[in-house]
There are 4 protein chains.
Amino acid sequence: MRADARRNRELIVRAATRVFMDTGCSGSMEDIAQAAGLGVGTLYRHFPDRAGLLALITCDVVSRLAAQVEAAAATDLPRWEVLLGYVRDAVREPLAMLKSVSTDDPVVAGPAERLHAVLGRVVEGAQAEGSLRADLETAAVTDLLGLVVCRPGARDDDPLATVVLDGLRAPGLENRPDAIRGQ
Amino acid sequence: MRADARRNRELIVRAATRVFMDTGCSGSMEDIAQAAGLGVGTLYRHFPDRAGLLALITCDVVSRLAAQVEAAAATDLPRWEVLLGYVRDAVREPLAMLKSVSTDDPVVAGPAERLHAVLGRVVEGAQAEGSLRADLETAAVTDLLGLVVCRPGARDDDPLATVVLDGLRAPGLENRPDAIRGQ
Amino acid sequence: MRADARRNRELIVRAATRVFMDTGCSGSMEDIAQAAGLGVGTLYRHFPDRAGLLALITCDVVSRLAAQVEAAAATDLPRWEVLLGYVRDAVREPLAMLKSVSTDDPVVAGPAERLHAVLGRVVEGAQAEGSLRADLETAAVTDLLGLVVCRPGARDDDPLATVVLDGLRAPGLENRPDAIRGQ
Amino acid sequence: MRADARRNRELIVRAATRVFMDTGCSGSMEDIAQAAGLGVGTLYRHFPDRAGLLALITCDVVSRLAAQVEAAAATDLPRWEVLLGYVRDAVREPLAMLKSVSTDDPVVAGPAERLHAVLGRVVEGAQAEGSLRADLETAAVTDLLGLVVCRPGARDDDPLATVVLDGLRAPGLENRPDAIRGQ
DNA sequence: TATGAATGAGGATTCATTCAT
DNA sequence: AATGAATGAATCCTCATTCAT
């Protein structure tokens with residue numbers, strides 16, 4: 001890929017992310033092109049259609065997150081810390097706008113599955129180490145974290161995050177983010 | 001207002017609610033008119049524009065909720081019970097589709113303020129009675145409940161609701177929905 | 001259907017026929033709307049899409065022709081005369097522009113089959129009465145007439161028509177359009 | 001012109017012919033470039049625009065046919081045979097796709113005129129030798145032959161060709177492709 | 001010179017809104 | 001007053017053509 005094409009692709013992704021965030025996923029292709037300082041045709045050369053653009057952005061974000069969680073999961077940090085790290089990483093990403101993207105899209109399905117898999121292992125590990133409530137199914141916990149991080153303006157220390165993370169703690173560890181039961 | 005006009009207005013609101021829920025707020029005016037068994041012209045006689053229709057539905061829902069909370073707040077039930085009652089009532093309403101409606105609309109602002117006010121009093125009462133964590137601002141709690149209640153498919157006993165409500169409990173009362181500190 | 005709607009539909013069909021004839025089937029919907037003195041939206045209310053419009057025009061033309069041939073076939077005219085009548089009728093219609101319309105479209109398939117059927121019977125009758133060459137398959141003759149009739153500017157007495165009709169005559173009757181063998 | 005330039009030009013013409021035949025003249029420049037294994041830029045270096053490319057192909061085909069007819073006309077074959085030879089040659093060429101090219105284009109006008117001229121002489125010769133109907137104008141006959149050879153899938157022995165050639169025969173020679181009146 | 005990336009006008013289609021019946 | 005036909009701006013997307021690499 002030529003240097004200018006790569007640069008423009010990057011410009012498009014950035015502009016699209018910005019526009020989608022501002023408009024809640026309903027910005028037009030013309031708007032995005034303008035925000036990128038390019039013509040619409042260039043958009044379509046890089047992304048065959050609107051859905052493809054959304055899918056690519058989703059794929060990018062989700063892949064990045066999956067890689068970060070995998071890296072953290074490979075350390076010997078407490079699993080609870082790994083989960084907190086995921087929330088910290090995720091709230092930095094433009095996830096709110098991605099709720100309308102279906103994970104059926106093959107471009108998205110792979111990374112989504114990868115993230116789901118590693119998160120699932122971390123959740124089970126956290127329940128095993130006694131830092132996470134044991135009375136919730138794995139999928140319930142990951143869905144819950146999904147809701148925490150997929151809000152406009154989400155932060156890892158905002159009220160919802162604080163309360164949910166507290167509510168996920170194993171009994172007796174509430175309000176003690178760093179503690180692991182028995183320690 | 002004549003009897004048939006009131007009837008048509010009712011038909012429209014019902015149809016619009018149904019259509020908006022089915023399509024995630026993106027149903028067309030034509031769809032709504034058809035669902036109501038009326039012509040588009042009749043729609044526009046009752047509601048000046050699409051935003052007005054959404055605002056009206058929002059107004060209806062929010063007013064109903066405000067009235068319910070006010071009624072519950074007028075009893076001597078524990079304030080925590082009043083909050084739980086609000087969640088139970090709210091998840092029955094089509095709130096998920098209303099996230100895109102801004103509360104700036106004058107039609108919505110009144111009822112929204114009314115709901116916010118009564119919820120604020122209940123939250124403070126709950127903190128005073130020791131059933132609700134005291135380390136959160138009133139607005140943080142109401143925002144939090146808003147998120148719990150404004151999801152597609154929300155229920156008052158689904159994982160998010162369970163965990164958030166648990167996280168909102170005063171320390172020592174977690175996992176005990178009915179208890180009030182000191183009892 | 002309301003009076004003005006019927007009138008507009010008629011205007012659209014006329015305008016579309018004219019535009020398609022002028023541009024060889026490549027006129028835009030905007031062009032057609034303008035030619036009809038209407039907005040594009042009105043076009044789309046009457047015809048769901050471009051293909052639908054072409055299909056409708058085809059259907060109209062073909063149905064009209066089928067009815068004319070059926071009427072002629074019901075008389076006791078010589079079958080050769082019925083065929084000549086078909087050519088006379090058909091060259092008056094805007095058939096040239098319809099070559100790109102596939103008869104797969106269900107709207108077109110019915111009338112096309114109807115026309116094909118009645119023409120087939122007339123061809124066989126003509127061969128039986130000895131006015132039409134017997135060494136050609138029915139479908140070959142109808143295809144041939146199709147080509148005669150589906151040209152821009154076709155007339156029933158232009159060189160191609162004259163020569164082809166002459167070539168279709170039974171041996172011995174060439175150059176005698178009115179004669180039937182043995183008479 | 002350099003050797004590789006000539007080679008590319010040849011590649012383009014071949015690819016364009018193939019693509020236009022496959023798509024009925026509506027293939028895109030990108031498609032053609034791809035089929036030629038070249039970039040679009042190279043296409044435009046050789047041909048200033050789409051119409052120019054079509055004109056060139058037309059020019060090629062028509063020139064080739066003109067040369068073939070001229071060669072046959074230079075022999076002492078019966079003129080009827082020369083006409084049949086033209087039909088045989090022409091149906092092998094991709095003429096159907098060229099109907100949309102106007103002969104006004106200066107690139108096409110020359111060869112078209114050349115072909116028309118030689119065909120005209122052959123037609124007159126055939127009428128003189130008594131093998132071709134004498135009651136048709138020269139231009140009528142050449143137009144007629146044009147229609148015969150400019151169809152998708154035309155063959156020199158398909159029903160239309162058979163019937164038209166038969167219809168063009170002088171009276172008394174019908175159904176005898178090889179005969180010349182008086183022989 | 002060859003390449004293919006960029007451009008933007010043009011075309012099909014949708015839908016909120018207006019207006020004639 | 002109710003209806004639904006008409007309107008046209010807005011949106012997605014294509015493709016002939018230009019231009020930077």
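Scope of the values below: all heavy atoms of this structure, side chains included, with no hydrogens, waters or symmetry mates. Protein chains get the first letters and strands the later ones, always in sequence-line order, with residue 1 at the start of each.
Atom CG of A:Leu65 is separated from atom CG of A:Leu95 by 6.0 Å, given to the nearest 0.5 angstrom. A distance of 10.0 Å separates CD1 in C:Ile12 from CD1 in C:Ile57, rounded to the nearest 0.5 Å. Rounding to the nearest 0.5 Å gives a distance of 6.5 Å between CG of C:Leu54 and CE of C:Met97.
The number of heavy atoms from other shown groups lying within 6.0 Å of CD (D:Glu10) is above 12. Shown here is C:Glu93, whose CD atom has more than 12 heavy atoms of other residues, nucleotides or ligands within 6.0 Å.
Protein atom CZ of A:Arg7 is 13 Å distant from nucleotide atom C1' of F:dT21, rounded to whole Å. Note: OH (B:Tyr44) to P (F:dA2) measures 16 Å, nearest angstrom. Here F:dG8 presents its P atom at 16 Å from CE of C:Met29, a figure rounded to the nearest Å. Atom CZ of D:Phe47 is separated from atom P of F:dT18 by 16 Å (rounded to the nearest Å). Between the CD atom of A:Glu30 and the C1' atom of F:dT14 there is a distance of 13 Å, given to the nearest Å. Taking atom CG on A:Asp49 and atom P on F:dT14, their separation rounds to 8 Å, with Å as the unit. In this structure, D:Leu43 atom CG and F:dC19 atom P are separated by 17 Å, rounded to whole Å. Nucleotide F:dT7 holds its P atom 11 Å from the CZ atom of C:Arg45, rounded to whole Å.
Under the Watson-Crick and G-U wobble criteria, each requiring two contacts below 3.5 Å, nucleotide F:dT14 is paired to E:dA9. Across all strands shown, E:dA20 forms a Watson-Crick or G-U wobble pair, both distances under 3.5 Å, with F:dT3.
Both B:Gly41 and C:Asp31 sit near DNA chain E, but only C:Asp31 has its closest nucleotide nearer the 5' end. Across the interface with DNA chain F, nearest-nucleotide mapping of D:Ala51 and A:Ala51 shows A:Ala51 to be the residue nearer the 5′ end. Place B:Pro48 and A:Arg9 on DNA chain E by their nearest nucleotides, and A:Arg9 ends up nearer the 5' end. Both A:Asp4 and D:Arg50 sit near DNA chain F, but only D:Arg50 has its closest nucleotide nearer the 5' end.
Nearest to the side chain of C:Arg2, among F:dT3, F:dT17, F:dG8, sits F:dT3.
Within 4.0 Å (heavy atoms only), D:Thr42 reaches at least one base atom of the nucleic acid.
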